Amino acid sequence: MTDDQNHLKDTKNLPVLHKWFASLQGRMLFVLLGLTIGYGVGLWTIRNWQSQQVDTALRKEVIQKQEFFDKLLELRGRQLYSYAYDYTFWDEMVHFVEEPDSTWGAENLVESMSTYDARAVWVYDPDFRLVYHVCEQPESLLCDLPVLREAYRPLFAKSPLAHFFAYSPVGLLEIRGATIHPTNDNERRTPARGYFFAMSPWDEAFLDELGQLANGQVSVQPCDRPPVEEGGEYDRKGHVSWRRALHGWDKRPVAVLEVETISAEVQQQLRVANLVSVLSALLTMALLGFTAYIMARWIVLPLRRITGSLNSEEIGPIRKLLSQHTELGHIARLIEQFFQQKSELVQEIEDRRRAEREKEKLESQLRRVQRLETIGTLAGGVAHDFNNLLTPILGFSDLALRQLELNHPVCANIEEVIKAAHRAKDLVRQILIFSREAEPEHCSTQLHLVFKEALKLIRASLPATIEIRENLDGHCGTVSCDPSQMHQVLMNLCTNAFDAMRESGGVLEVSLDSLEVDHTLSCLHVNLNEGHYARLSVSDTGCGMDRTTMERIFEPFFSTKKVGEGTGLGLSVVHGIVRAHGGGITVYSEPGIGTTFRIYLPMQPQGGEEIALRNQPIMTGSERVLFVDDEHAIVNMGKMMLERLGYHVTATTSSEEAFWLFHSAPDSFDLLITDQTMPYMTGDRLAKEALNIRPDLPIVLITGFSERVTELNYRALGIREFAMKPLLMRDLAEAVRRALEPQSAPQN
């Protein structure tokens, strides 16, 4: 039985209360539970009582203030109301409207304005024409009632009395109005004999007077966005405020009356509450201090011992804790077991990491293979369609060239078309080689085409801080090389240049030209013989290299990069490829200035091969040929070529039709020429069906690209000749003669 199990057994034999108190969790709970409950209940009770008292006082204060202020406004407006009400059912006022008398108006209206606290009076006849007005304000500002003319009649549509507010050039105005009637019509049942309006301004003096009476601050603000939210508000600082809307003649708010005051009673209660809060804070600090002491005694010191043991990886600091029946004692015993199992755990983790690295490496290889397969499939489709497009271009150009005299001015133009088509054909082959659909081999290559394609990929991967300058001579001749390896050379050199300019950016310059290596230059470079070379230069404006680094850059696995950022094989691969092609490589670099690599590749001799081949006779014949391809242009071109060579041609764009033509008359054809990729029936299947009918039938299979039928397996299918599109007339003629004359075919 382990020590930890013995401690657990001893703990089970203790009384329940003692067992609970023996645990660290129980001790802390007993102490903190009592303190928390007592403090929480007391504080909650006090704060809740204070909050209720303050809220009650504030609500009461708001109601009282509003009622008091409403009475002030009622008293203030009653004088103006009495003025308008008392003077509008009076026979003399009716007579004054009918026959205005300024003396009567001055004696009866002007002298009474101060009594009713009015500042302006307007009198209108029943048609709302101004009969008389007097205003203590400037006449130019209030010569007429400050409302719209169309508002007069709606004011008294429902009631003979009107009360509204309006803004004027002199400020906010309170206006009372009433209809004028005879003395005996105090209920105003007869039609109005006129209209009477009295005005009192709400100026700063009036607002200050209201503020003093309300023991606060009163303000009026224009109301631009109705409706106005009315009601009272208060906060915990004793501030009480409320809002009232002042309506215009159309019952819409034109101003907002805001009143703010302070409650002395509430502030006194708040001071008491603050005092209680201070006392509560002091009590809280005392409780926290006591709790901190308990934590330091029961938790912090044991945890320090545990931390010291973990840091030193020794059991000594926690030896005293091993005998305790607390959670920390249990943790100390677990740490003891952990130290015993550490070596096994570390080894297990290392094994798992190694397995994960191997798994990631295999997954990376699998993804790389899948990408290459995808690229290969795409390249095959592109090659097939592109070769089908090049076939009629090259074929019809060749036919046109052969129909012209040698010195015809159009010949040079057609020869350029043929050269361009050949370059496109080489480009398709380079794509197939790069995607691994074709085995790499040396062929006549125009380097500027390969490097242009590589620079397109490089531009897409470099940041905008690096400028690419391209200077590729398209007339520097051809080189016998593997295009995919030349592509790899330029990619590796540009990648190194990017690494040198990663931090600060710069200029990457790629140039291609031709160079004649004489005896002097050959002596300076051990690997260069005298002759004509193509020179590739790749330079950067990066950090450069010192002499010690330059002496080792072509060594395998030598790298100046950090671990994991490079394999050190890039320049060694470049060096190997250049040496394998019989060329040479030089490098010049200075720290802080940049680096320049120069690649020298021997060029093929220039000559008039095309003209010489054109002048040689082409093999002809008179046999019967069945020609099938699903492209109309290729069928027309093939038929024209073969008929020009003397053959009797039956051409069709349907593989099924070609099979039935041959099936109905097998001996009517001496040769079958078929495309490989066709709908309904592929070329190899058509060849198989035809050979079942006539085993000795010569067959020529042509294709733009095919994975099923290649130069390595076509003879196993019974096919005598295999040709890749696009074809010239000479290529087609030689393939036909080799198929018809098996003794002239090369032996595999």
Side-chain angles (χ1 to χ4, degrees), residues 58-81 83-84 116-122 135-138 140-152 154-155 159 161-177 197-264 266-267:
L58 285 172
R59 285 195 296 270
K60 182 178 179 181
E61 190 76 14
V62 170
I63 295 173
Q64 292 177 351
K65 294 286 186 181
Q66 290 187 70
E67 291 177 352
F68 176 74
F69 193 78
D70 290 342
K71 291 181 179 179
L72 287 177
L73 292 181
E74 182 180 355
L75 292 174
R76 172 62 175 78
R78 181 164 295 277
Q79 291 181 321
L80 200 63
Y81 169 80
Y83 189 29
Y116 293 98
D117 198 15
R119 300 291 181 86
V121 170
W122 295 272
C135 182
E136 295 182 1
Q137 307 293 337
S140 61
L141 297 179
L142 290 174
C143 60
D144 204 350
L145 194 65
V147 295
L148 299 175
R149 176 65 63 177
E150 57 267 21
Y152 292 171
L155 279 172
S159 174
L161 300 176
H163 179 211
F164 60 92
F165 291 85
Y167 266 104
S168 71
V170 299
L172 180 65
L173 307 179
E174 181 182 5
I175 302 174
R176 294 277 186 170
F197 294 93
M199 177 274 292
S200 177
W202 283 40
D203 51 14
E204 293 294 333
F206 175 70
L207 295 178
D208 291 341
E209 179 183 355
L210 288 179
Q212 292 176 2
L213 295 174
N215 193 20
Q217 184 176 358
V218 179
S219 62
V220 174
Q221 301 294 335
C223 181
D224 298 330
R225 297 181 180 179
V228 177
E229 295 183 3
E230 298 185 357
E233 298 177 353
Y234 59 87
D235 57 21
R236 292 288 179 166
K237 295 183 179 181
H239 295 90
V240 178
S241 63
W242 64 91
R243 296 158 60 92
R244 290 288 185 272
L246 303 179
H247 299 86
W249 65 271
D250 55 358
K251 304 305 180 182
R252 294 183 181 179
V254 297
V256 178
L257 176 65
E258 297 182 355
V259 183
E260 296 183 2
T261 184
I262 298 177
S263 174
V266 173
Q267 287 189 335

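Keep in mind the model is a prediction, meaning the values are calculated, not measured.
- Partners of Asp117 by salt bridge (Lys or Arg N to Asp or Glu O under 4.0 Å), not counting sequence neighbours, listed by chain and number: Arg76.
- Considering every non-hydrogen atom in both Val121 and Tyr83, the closest pair reads CG2-OH, 3.6 Å.
- A 4.5 Å side-chain heavy-atom check between Val254 and Phe164 finds every atom pair outside the cut-off.
- Annotation for Tyr116 and Gln79: closest pair CD2-O, 3.2 Å, computed over non-hydrogen atoms.
- For Tyr81, the ring pair (Phe, Tyr, Trp, His ring centres under 6.0 Å) partners at least two apart in sequence or on another chain are Tyr85.
- Residues passing the salt bridge (Lys or Arg N to Asp or Glu O under 4.0 Å) test with Glu258 are Arg243, sequence neighbours excluded.
- Looking at every heavy atom in both residues, Tyr167 comes nearest to Pro222 through OH-N, 3.5 Å.
- Judged as a side-chain contact (heavy atoms from CB on, under 4.5 Å), and not counting sequence neighbours, the contacts of Asp250 are Arg252.
- Considering every non-hydrogen atom in both Ala166 and Val147, the closest pair reads CB-CG1, 4.3 Å.
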request  = Take Phe206 and Val220, measure what side chain to side chain contact (heavy atoms under 4.5 Å, CB included) needs, and give me the verdict at the end.
outcome  = CA-CA 11 Å; Phe206 175 70; Val220 174; over 6 Å; no
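- With sequence neighbours excluded, the residues that form a side chain to side chain donor-acceptor pair (under 3.5 Å) with Trp202 are Glu174.
- Side-chain contact between Pro146 and Trp249 is absent, with no heavy atoms from C-beta onward closer than 4.5 Å.
- The side chain to side chain donor-acceptor pair (under 3.5 Å) check on Gln221 picks up nothing, with sequence neighbours excluded.
- Here Leu173 contributes atom CG and Asp203 contributes atom CG; the two are 10.0 Å apart, rounded to the nearest 0.5 Å.
- The distance from the CG atom of Leu155 to the CG atom of Leu145 is 7.5 Å, given to the nearest 0.5 Å.
- Here the closest heavy-atom approach between residue Pro253 and residue His247 is recorded as N-CD2, 3.9 Å.
- His163 contributes atom NE2, which lies 4.0 Å from atom CZ of Arg176 (distance to the nearest 0.5 angstrom).
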